[in-house]
A.B. asks: 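Handing you a structure now.
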Amino acid sequence: MRRLTYVIGCSVDGFIAGPDGQHDSFAFDGDLKAAILAECPETLPDHVRRSLGVGGTANKKFDTVVMGRGAYESARAAGPTSPYPHLRQYVFSSTLIRPGPEVHVVTGDPVEFVRGLKREPGMGLWLCGGAVLAGQLLGEIDELIVHRYPVVFGDGIPLFHTSFAPSPFTLTGSRVFSTGTTVTTYAKQEENTCCFDPRPRPIWTAS
């Protein structure tokens, strides 16, 4: 069965964007940029991939992306209506009109839809945001990969927007980059599983 991974950037104080969706403070450079390009280039929008000369690079971990409307609008703001043509794209929205053949708009229950995707063959599923969809899919998230940037927002959009319901995860890896960004990986905590493996791991773990 395929796994759902929430890959997300946030500020030190846990916001994925400012109150109006601002995220320009999240720097994409240095050794963090090199690691993403080498280990999971499919998480970059197509216009960024092409500008960096990796437009034709094969997917390493994911073949499908699921996102809320806000995350979709942010990804396509500087590019075409299909920001991730190298992935199967699903946008969860009750108001968005399908912008093109490569982008599928889902109006139904996100949990049941993602459970169906998990049963299909293929590579991993990438949840790229936003907070409301992440909150709805919290019980289906198998892995968290959190990029924490050295900036404090003070206010904004949190990692999850949901009601109080503690959901334990196990720390499986952590890396610090020269930019000051940390990338921390967590797996959904299974029963009787609470140990941290101290061995270095890539920022994108295998499914």
A.B. asks: Flag the pair Lys33 / Thr179 as yes when at least one side-chain heavy-atom distance between them is below 4.5 Å, and no otherwise.
C.D. replies: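 Of all side-chain heavy-atom pairs linking Thr179 with Lys33, none is under 4.5 Å.
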
A.B. asks: For Thr182, is there any backbone N or O sitting under 3.5 Å from a side-chain donor or acceptor partner on His147?
C.D. replies: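 Looks like no, no N/O pair under 3.5 Å.
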
A.B. asks: Determine, using the 4.5 Å side-chain heavy-atom cutoff (strictly less than), whether Val54 and Leu32 are members of one ILVMFWY cluster.
C.D. replies: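 Looking at the clustering, Leu32 is in the same group as Val54.
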
A.B. asks: So, taking the atom named OG1 in Thr184 and the one named CZ in Phe169, what distance separates them when rounded to the nearest 0.5 Å?
C.D. replies: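 The OG1 atom of Thr184 sits 13.5 Å away from the CZ atom of Phe169.
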
A.B. asks: Any sub-3.5 Å donor-acceptor pair from Arg98's side-chain atoms to Pro101's backbone N or O?
C.D. replies: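 Indeed, once roles are kept as given, a pair shorter than 3.5 Å links the two residues.
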
A.B. asks: I need the minimum non-hydrogen distance between Ser94 and Thr107, along with the two atoms involved.
C.D. replies: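 Result for this residue pair: CA-CG2, 4.4 Å.
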
A.B. asks: How far does CG of Leu144 sit from NZ of Lys188, to the nearest 0.5 angstrom?
C.D. replies: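 The distance works out to 10.0 Å.
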
A.B. asks: Within a strict 4.5 Å, meaning less than it, do heavy atoms of the Leu125 and Phe62 side chains meet?
C.D. replies: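 A side-chain contact under 4.5 Å is absent here.
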
A.B. asks: Given side chain to side chain contact (heavy atoms under 4.5 Å, CB included), test Leu127 with Leu137 step by step and report yes or no.
C.D. replies: CA-CA 9 Å; Leu127 169 61; Leu137 291 174; 4.3 Å; yes

A.B. asks: With rounding to the nearest 0.5 angstrom, report the CG to CZ distance, Asp155 to Phe15.
C.D. replies: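 Reported to 0.5 Å precision, the distance equals 5.5 Å.
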
A.B. asks: Looking only at heavy atoms, which two atoms of Val103 and Ser82 are closest? And how far apart?
C.D. replies: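 Minimum heavy-atom separation between Val103 and Ser82: CG2-CA, 4.0 Å.
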
A.B. asks: Could you give me the CA-CA distance, side-chain angles and deciding distance for Arg2 and Asp142, then say whether salt bridge (Lys or Arg N to Asp or Glu O under 4.0 Å) is met?
C.D. replies: CA-CA 9 Å; Arg2 298 202 285 174; Asp142 302 291; over 6 Å; no

A.B. asks: Just checking Tyr149 against Phe177, ring centres under 6.0 Å apart?
C.D. replies: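 No, ring centres 6.0 Å or more apart.
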
A.B. asks: Could you tell me whether Arg175 and Glu39 make a salt bridge, using a distance below 4.0 angstrom between a side-chain N and a carboxylate O?
C.D. replies: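 Answer for the salt bridge query: yes.
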
A.B. asks: Would Ile36 and Val176 show up in the same hydrophobic cluster when neighbours are defined by side-chain heavy atoms closer than 4.5 Å?
C.D. replies: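 Different clusters: Ile36 never reaches Val176 through Ile, Leu, Val, Met, Phe, Trp or Tyr contacts under 4.5 Å.
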
A.B. asks: Look at the side chain of Tyr72 and the backbone N and O of Ser93, then say whether any donor-acceptor pair between them is shorter than 3.5 Å.
C.D. replies: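 No; zero donor-acceptor contacts below 3.5 Å.
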
A.B. asks: Output yes when a side-chain donor or acceptor of Arg148 lies under 3.5 Å from a complementary backbone atom of Gly9, and no otherwise.
C.D. replies: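 The answer is no, because no donor-acceptor pair under 3.5 Å joins these two groups.
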
A.B. asks: Taking atom NE2 of His47 as the centre, does the number of heavy atoms from other residues, nucleotides or ligands within less than 6.0 Å exceed 12?
C.D. replies: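 Correct, the count exceeds 12.
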
A.B. asks: Tell me whether Asp13 contacts the main-chain N or O of Phe153 through its side chain, where contact means a donor paired with an acceptor under 3.5 Å.
C.D. replies: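 Yes; at least one donor-acceptor contact below 3.5 Å.
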
A.B. asks: Do Leu37 and Leu52 have side chains that approach each other closer than 4.5 Å (heavy atoms only, starting at C-beta)?
C.D. replies: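 Yes - at least one pair of side-chain heavy atoms lies under 4.5 Å apart.
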
A.B. asks: So, Thr162 versus Gln136: side-chain donor-acceptor pair below 3.5 Å or not?
C.D. replies: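 Checked: Thr162/Gln136 side chains show no N/O donor-acceptor pair below 3.5 Å.
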
A.B. asks: Please determine whether a side-chain nitrogen of the Lys or Arg among Arg88 and Glu120 lies less than 4.0 Å from a carboxylate oxygen of the Asp or Glu.
C.D. replies: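 A salt bridge is present here (some side-chain N lies under 4.0 Å from a carboxylate O).
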
A.B. asks: Determine the minimum heavy-atom distance between Pro41 and Arg49, stating which atoms define it.
C.D. replies: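 Of all heavy-atom pairs spanning Pro41 and Arg49, the closest is O-NH1, 3.1 Å.
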
A.B. asks: Keeping the roles fixed (side chain from Asn59, backbone from His86), state whether a donor-acceptor pair exists under 3.5 Å.
C.D. replies: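 Here the side-chain-to-backbone pair exists.
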
A.B. asks: Can Met123 and Thr64 be said to form a side chain to side chain contact (heavy atoms under 4.5 Å, CB included), step by step?
C.D. replies: CA-CA 8 Å; Met123 301 174 71; Thr64 302; over 6 Å; no

A.B. asks: If you compare all heavy atoms of Ile16 against all heavy atoms of Phe26, which two are closest, and at what distance to 0.1 Å?
C.D. replies: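 For Ile16 versus Phe26, the nearest heavy atoms are O-CE1, 3.4 Å.
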
A.B. asks: Please, which pairs that meet ring-ring contact (aromatic ring centres under 6.0 Å, His included) have at least one residue in residues 99-119, sequence neighbours excluded?
C.D. replies: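 ring-ring contact (aromatic ring centres under 6.0 Å, His included) check on residues 99-119 returns Tyr90-His104, Tyr90-Phe113, Phe92-Phe113.
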
A.B. asks: Might you point out which heavy atoms bring Leu138 and Ala165 nearest each other, and give the distance in Å?
C.D. replies: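 Smallest interatomic distance, heavy atoms only, reads CD2-O, 4.5 Å.
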
A.B. asks: Which distance, rounded to the nearest 0.5 Å, do you find between the CG of Leu159 and the SG of Cys10?
C.D. replies: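 Reported value, rounded in 0.5 Å steps: 4.5 Å.
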
A.B. asks: Using side chain to side chain contact (heavy atoms under 4.5 Å, CB included) as the criterion, point out the one residue from Thr172, Thr43, Val183, Ile8 that pairs with Ile145.
C.D. replies: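 Among Thr172, Thr43, Val183, Ile8, the one that satisfies the side chain to side chain contact (heavy atoms under 4.5 Å, CB included) with Ile145 is Val183.
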
A.B. asks: Find out if a path of hydrophobic residues (ILVMFWY) with successive side-chain heavy-atom gaps under 4.5 Å connects Val146 to Val152.
C.D. replies: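 As far as the 4.5 Å side-chain criterion goes, Val152 and Val146 are not connected within one cluster.
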
A.B. asks: Mind checking whether Glu42 and Lys61 have side chains closer than 4.5 Å, heavy atoms only?
C.D. replies: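 Yes, side chains in contact.
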
A.B. asks: Measure across Asp20 and Gln22 and return the closest heavy-atom pair with its distance rounded to 0.1 Å.
C.D. replies: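 Answer, listing the atom of Asp20 first, then Gln22: N-OE1, 2.9 Å.
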
A.B. asks: Taking it one step at a time, do Arg115 and Glu140 satisfy salt bridge (Lys or Arg N to Asp or Glu O under 4.0 Å)?
C.D. replies: CA-CA 8 Å; Arg115 286 176 179 172; Glu140 295 302 315; 2.8 Å; yes

A.B. asks: Mind telling me whether Trp126 and Tyr84 have parallel, tilted or perpendicular rings, with 30° and 60° as the class edges?
C.D. replies: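 Because their plane-to-plane angle is over 60°, the rings of Tyr84 and Trp126 count as perpendicular.
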
A.B. asks: Tell me whether Ser74 contacts the main-chain N or O of Ala71 through its side chain, where contact means a donor paired with an acceptor under 3.5 Å.
C.D. replies: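 Pair absent, no side-chain N/O of Ser74 close to backbone of Ala71.
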
A.B. asks: Distance check, rounded to the nearest 0.5 Å: Cys128 atom SG versus Leu133 atom CG?
C.D. replies: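 Output value for this atom pair is 8.5 Å.
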
A.B. asks: Is it true that Arg69 and Thr95 share a donor-acceptor pair across their side chains at a distance under 3.5 Å?
C.D. replies: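 There is such a pair between these side chains.
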
A.B. asks: With heavy-atom distances below 4.5 Å as the criterion, would you say the side chains of Ser167 and Gln189 are in contact?
C.D. replies: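 Ser167 vs Gln189: side chains apart.
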
A.B. asks: Between Phe160 and Tyr6, what is the ring plane arrangement, given parallel below 30°, perpendicular above 60°, and tilted in between?
C.D. replies: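 Phe160 and Tyr6: perpendicular rings.
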
A.B. asks: Applying side chain to side chain contact (heavy atoms under 4.5 Å, CB included) to Leu171 and Thr185, what does each step give before you reach the verdict?
C.D. replies: CA-CA 6 Å; Leu171 179 67; Thr185 304; over 6 Å; no

A.B. asks: Supply the atom-to-atom distance Leu4 CG to Leu117 CG, rounded to the nearest 0.5 angstrom.
C.D. replies: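 Leu4 atom CG to Leu117 atom CG measures 9.0 Å (nearest 0.5 Å).
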
